[in-house]
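Both counts, for ligands and for their atoms, begin at 1 and track the order of listing.
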Amino acid sequence: MPQRNDIRNVAIVAHVDHGKTTLVDAMLWQSGVFADHDTVEKRGERVMDSGDLEREKGITILAKNTAVHYRGPSAQKLGLADGITINVIDTPGHADFGGEVERGLSMVDGVLLLVDAAEGPLPQTRFVLRKALHAKLPVVVVVNKVDRPDQRIEEVVSETTDLLLSLAEDLVNEGVDVDLDAMLDVPVIYASAKLGKSSLECPPFGEVPTENLEPLFETLLTRIPGPSYEEGAPLQAHVTNLDASPFLGRIALLRIHNGEIRKGQTVAWSRHDGQLSNVRITELLVTEGLERVPAEVAHAGDIVAVAGIPDITIGESLVDVDDPRPLPLITVDDPAISMT
Ligand code: GDP
């Protein structure tokens, strides 16, 4: 199957407070999303934790995406002037709100597992990590907060490796078809999201990495493949989340698995009741940094938002009018939790 090299779809899995928001913030900041003058203000607002319910509970519930355009060596080698787009999907780190984790993972081709250098992996991340391994997603471990004076990096790395090993063994014992070698061949990056630094080597005690996030970006790009798709296949896109806009009404967040979507196009909406209805895409939006911006067309592998289908719900799909091939439904959430 052909594969895109200009995009990566990645989920971040982390326990609350291990630094997910700070890391995505630093990735955006280093790829030039924030102009110097608004850095402090914008960075002060927490990038990924924006929903009210999330704020109230202090946790992340909605799988949202942030697009980072990386223009470092890998992008330059490919001659991609706009860089490689890394869509970072936020997943709940610790509990499942009825399919939330599955839906987040269904959008991505790999996982960044972020672990605090002092606290180590906490049992709650086991659930999400198991699902990622089950889905055969490659994992990149980021040991974050290596600047903490109470860091215990080496122990934390071995605890993380043990966790991966025990999950892999469980899956094998349950007869799940997994590639054990691939699953356990996991790179480790040492990072301080707060300082915007990373390294492939464990920093000596009391020191912090001196490089920016390039080692992290480059490892992510090498280890996590670009989205693959079927050449010439008709449109197949999955609704993985919903949002609402005062101007556009309900917005569906989709991953396009095959084909393309154009603004103004009529597509077939494959509903939960098994029926197909023709609907028009009145607006197509792609993520740029933290914002959604209008686009004319999006392709297989892209994560997009569409407006124009007021009753669309999570788990449904958009397919080709003339050659409809609906995707399997993903578990439905409590709509009250899914709507912002
Ligand atoms: P999230 O809940 O995973 O999104 O975590 P946040 O990004 O909100 O970070 C939680 C806390 O850890 C905040 O007080 C951050 O400033 C702090 N933090 C994040 N990254 C680092 C780091 O690399 N080093 C240190 N010392 N603190 C960090």
Open item on the list: Is it true that His15 and Glu119 share a donor-acceptor pair across their side chains at a distance under 3.5 Å?
Closed with: no
Open item on the list: Per the side-chain hydrogen bond (donor to acceptor under 3.5 Å, both in side chains) rule, what does the pair list look like for residues 196-214, sequence neighbours excluded?
Closed with: none
Task: Short N-O contact, Arg271 and Asp311, less than 4.0 angstrom - done: no
Open item on the list: With a heavy-atom distance limit of 4.0 Å, tell me whether Asn144 approaches ligand 1 through its side chain, its backbone, both, or neither.
Closed with: side chain
Task: Region of His18 engaging ligand 1 - heavy atom pairs below 4.0 Å - done: backbone
Open item on the list: Between Arg223 and Asp185, does any NZ, NE, NH1 or NH2 come within less than 4.0 Å of an OD or OE carboxylate oxygen?
Closed with: yes
Task: Location of contacts on Ala14 toward ligand 1, heavy atoms closer than 4.0 Å - done: neither
- [ ] Would you mind running through ligand 1 and noting each atom that sits below 4.0 Å from a heavy atom of Thr22?
- [x] 6 (P), 7 (O), 9 (O), 15 (C), 19 (C), 20 (N)
TODO: Return the set of residues passing ring pair (Phe, Tyr, Trp, His ring centres under 6.0 Å) with Phe217 (not counting sequence neighbours), or none when no residue passes.
DONE: Tyr70
Open item on the list: Tell me whether Arg148 has any N or O atom under 3.5 angstrom from an N or O of ligand 1.
Closed with: no
Open item on the list: So, regarding Ala193 and ligand 1 (criterion: nitrogen or oxygen to nitrogen or oxygen, under 3.5 Å), is there a contact or not?
Closed with: yes
TODO: May I ask you to decide whether Glu260 forms a salt bridge with Arg262, counting only side-chain N to carboxylate O separations under 4.0 Å?
DONE: yes
Open item on the list: For Asp147, which part has a heavy atom under 4.0 Å from ligand 1: side chain, backbone, both, or neither?
Closed with: side chain
